[in-house]
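This chain uses plain numbering: 1 for the first residue, then up along the sequence. Computation of the quantities below employed the complete heavy-atom set of this structure, encompassing side-chain atoms and omitting hydrogens, waters and symmetry-equivalent molecules. Every value quoted in this text rests on a predicted model; they were computed, and no experiment measured them.
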Amino acid sequence: MEIYVRAEVPEFCYIHEATHWVAFAIPPVGFDSFDTQESISADLDHMCAPQEPHFFAIAPVVDQFVDGASSREFSDKLNACLGRAEAEILDDMQRLEDIHRKYAVPAKDELGAEHWEREDRRHRQQVAEYQSELEAARAISPTIDALNHLVEIARSKLFAALAEGAITSRGINPRLEGDIITGEFESIPHTAWRMSDVDWDNANLGELADDDELRDRMEAWVGVQVPFKELVTLFPSPNIEIQAASVKDYGGCLVPDGDAALKATPPATKSAARRSAKAGNAIRTAVRNEFQRRLKGGHRPQNRESLVQDCIGWVSKTFEEEISRSTAQRYLEPLNAQIESALAQK
């Protein structure tokens, strides 16, 4: 059964949230204000808007927007594929195979029969999981295409309203102060809106400059928002048949009345974290094999911390993945005995 809980709607919403309101009447959830990071390279990424690019919020009622779609089946399969498209899953599968072939298979003799069987079994299990995700993604691909079409229509409607000045907007104009990228929300003139300059998924407008160019004023904004009240006034509801509902008001929530209270609904669908080679343990296996090979070959690290930093650098260069210090330590933990031996022989 369903119970509807009251929620405070933020005064402003990001433009990707606005398109989901126009297309599906999904209200914005609101986020904390922007901060800046110590690392310059991380500043602009952090100042970009938080985003939910998939359709987890619409899954329980997708049948209202796509003819022939089953909300329950769509919810289940969207969860099963983690909201990812077929191409992304295939890329990850190929990456997993490449890592296994390059780092695990050559170390087969060094690992020993029992250890190799365990690693090979884990690898086959990961491949099977990817295959299940791939099947789920392919099953809901037509529904995703239909939803994306509705989003494109909503974007065109919202863009026209912004470019004509029917809805106001604001964003952060980034600038460089010393070594820190900063900025505050400011109004965006409606004449600045050009379709080719809009990054809808990240809520950016205009081409962001390199660090050196940020010392000068530029016509670009990140974290672009619109007033939600203006949005609702211009776009009160999506173009679907409105379904009347009878509810009881209990102060903090609304409870469906009569037969509606017993209606079976799909389970809530939540966005899952993106799977990567790191999440699938493939990089952990590669790290262990690589540094085991180094230690057996006579490598003598200066200290344990230098080995951790070597691990972080090697993963970044080899797999283009950034791992934390604690993750590197965890990956190297099975080699503790060999590491201590190597440090003792310095």
Side-chain angles (χ1 to χ4, degrees), residues 7-34 44-45 47-67 69 78 83 85 143-174 183-208 218-243 271:
E8 186 72 22
V9 178
E11 182 180 358
F12 289 87
C13 64
Y14 298 110
I15 55 175
H16 55 264
E17 295 179 303
T19 59
H20 274 209
W21 170 263
V22 176
F24 310 117
I26 297 176
V29 297
F31 295 95
D32 294 334
S33 58
F34 287 102
L44 281 179
D45 288 339
M47 292 171 72
C48 291
Q51 60 174 312
E52 178 55 71
H54 305 298
F55 295 104
F56 292 94
I58 198 64
V61 290
V62 71
D63 56 335
Q64 295 182 27
F65 299 95
V66 180
D67 291 339
L78 192 66
T143 304
I144 294 290
D145 289 343
L147 293 174
N148 279 326
H149 180 65
L150 295 176
V151 169
E152 289 296 328
I153 294 174
R155 287 175 175 176
S156 64
K157 291 179 179 179
L158 181 60
F159 173 80
L162 289 163
E164 293 168 0
I167 294 181
T168 60
S169 61
R170 70 177 191 175
I172 296 177
N173 182 259
E184 297 82 30
F185 278 112
E186 63 181 37
S187 296
I188 300 175
H190 71 90
T191 52
W193 282 91
R194 290 172 175 77
M195 183 67 82
S196 59
D197 288 341
V198 185
D199 179 354
W200 293 98
D201 290 334
N202 292 298
N204 299 334
L205 176 64
E207 184 176 353
L208 299 177
M218 62 178 180
E219 293 297 304
W221 296 266
V222 299
V224 178
Q225 301 177 335
V226 299
F228 187 62
K229 187 175 182 179
E230 292 183 20
L231 183 69
V232 174
T233 300
L234 194 60
F235 301 103
S237 64
N239 187 27
I240 61 171
E241 182 181 349
I242 297 177
Q243 299 182 3
S271 175

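- There is no side-chain donor-acceptor pair under 3.5 Å between Ser169 and Trp221.
- Closest approach of Ile15 to Leu158, counting heavy atoms only: O-CD2, 3.9 Å.
- Counting heavy atoms from C-beta on, the side chains of Ile153 and Val22 never come closer than 4.5 Å.
- In this structure, the separation between NZ on Lys229 and CZ on Phe12 is 12.0 Å, given to the nearest 0.5 Å.
- When all heavy atoms are compared, the tightest approach of Gly223 to Asn204 is N-OD1, 3.6 Å.
- Annotation for Asp145: atom CG counts as buried by contact number, over 12 foreign heavy atoms lying within 6.0 Å.
- Distance CZ/Arg170 to CG/Leu205: 15.0 Å, rounded to 0.5 Å.
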Go through it in stages, so that I can follow the logic: the residues are Phe55 and Val62, the test is side chain to side chain contact (heavy atoms under 4.5 Å, CB included), and I'd like the CA-CA distance, side-chain angles, deciding distance and then a yes or no. CA-CA 9 Å; Phe55 295 104; Val62 71; over 6 Å; no
Under the criterion side chain to side chain contact (heavy atoms under 4.5 Å, CB included), I'd like the reasoning laid out for Thr19 against Arg155: C-alpha separation, chi angles, the key distance, then a yes or no. CA-CA 6 Å; Thr19 59; Arg155 287 175 175 176; 3.5 Å; yes
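- Using a distance-only test at 3.5 Å, with no hydrogens or angles considered, a donor-acceptor pair links the side chain of Glu230 to the main chain of Thr168.
- His190 contributes no side-chain N or O that, together with a main-chain N or O of Leu162, makes up a donor-acceptor pair within less than 3.5 Å.
- Listed here is the closest heavy atom pair of Trp21 and Phe235: NE1-O, 2.8 Å.
- Of all heavy-atom pairs spanning Leu234 and Ala161, the tightest one is CD2-CB, 3.5 Å.
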Side chain to side chain contact (heavy atoms under 4.5 Å, CB included) between Phe24 and Leu147: does it pass, once the steps are laid out? CA-CA 9 Å; Phe24 310 117; Leu147 293 174; 3.8 Å; yes
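- The two residues Pro10 and Phe228 come nearest to each other via the heavy atoms O-CB, 3.7 Å.
- For the pair Pro60 and Asp63, the tightest heavy-atom approach, listed with the atom from each and the gap, is O-OD1, 4.4 Å.
- Atom CH2 of Trp200 and atom NE2 of His20 lie 11.5 Å apart (nearest 0.5 Å).
- Asn173 contributes a side-chain N or O that, together with a main-chain N or O of Ala220, makes up a donor-acceptor pair within less than 3.5 Å.
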